[in-house]
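Below you'll find the structure, written out as structure tokens, and then a few comments.
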Amino acid sequence: MRIPVFAANWKMHKTGLEAVAWIREFAVATKNLSAADAEVIIAPPFTAIAAAVEATRGATLAVAGQNLHFERQGAFTGEVSAALLKAAGADLVIIGHSERRRIFGETDESVQRKVTAAHTAGLVPIVCVGETLEERERGETLAVLDRQLKAGLDGCSGDQIAALILAYEPVWAIGTGKNATATEAGEAHTHLRRRLREWFGGTHADRCRILYGGSVKPENIKELIGLEDVDGALVGGASLESSTFAAIVSVSATL
Ligand code: PGA
């Protein structure tokens, strides 16, 4: 049994104070939810991580970075290493989000180096994969997922695969209001799990949580989370309001 995971990706939103207010509201809105129903992760901007970690003390919320640099330390102005994130209190880190790939030129190779850096520092990676609209229309979706998965997770052990979180985020569904249908998401998730089984073994692959991301809302989460290989969601826009995100998370308690 995989416990569902819901991760709030705040992107470039929220100060430390706003993060603390969100965390308080969310705790009230989800007070009847137990840790066995769902795991919840918030990914604030770097500048709000310390405040978020402090505010989540004693709560079941975990805090993630949205990115990291793969070097341990050095002259990399503006960058944040895995060790710095860990020291700030983060337990996880998002890697290879499509906005990082598209806007900031990240490659499968840099994703792989970041995954290794996260593991070395004791952070759990949340690795994002997903095809663009053009790739889907050319019928390349599964080939793109294979390439991103194989390159990004190269060198991981079976135990690391079991512990990490994978996020299938079709690029055309992110921030567009247009989510993948259950058929589209189901096909991608089943394919990803099949590949994990082939490459890392069934026991480890069956423990890895695969999240869907891309315009998740309270209205569409039920259908998506009902799919066998969908183990939760990575939520952007609909995570900014604590009540909306709480409504998404609460669905898992009613399954
Ligand atoms: P969205 O973003 O929920 O706003 O589509 C998802 C993501 O980018 O992780």
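Read the numbers this way: they start at 1 and go in the same order the structure lists the ligands and their atoms.
A distance of 10.0 Å separates CG of Leu84 from CG of Leu68, quoted to the nearest 0.5 Å. With values rounded to the nearest 0.5 angstrom, Gln148 atom CD is found 10.0 Å from Leu166 atom CG.
Residues meeting the side chain to side chain contact (heavy atoms under 4.5 Å, CB included) test with Arg2, sequence neighbours left out: Arg193, Asp206, Arg209, Asp229, Asp231.
Ring centers of Phe6 and Phe245: at least 6.0 Å apart, outside the cut-off.
For the residue pair Trp10 / Gln66, no side-chain donor-acceptor distance below 3.5 Å is found, with atom types taken as modelled. A donor and an acceptor atom, one from each side chain of Glu184 and Tyr212, are nowhere located under 3.5 Å apart.
Protein residues are said to neighbour a ligand when one of their heavy atoms lies under 4.0 Å from it; for ligand 1 these are Asn9, Lys11, His97, Glu169, Ala173, Ile174, Gly175, Gly214, Ser215, Leu234, Val235, Gly236, Gly237.
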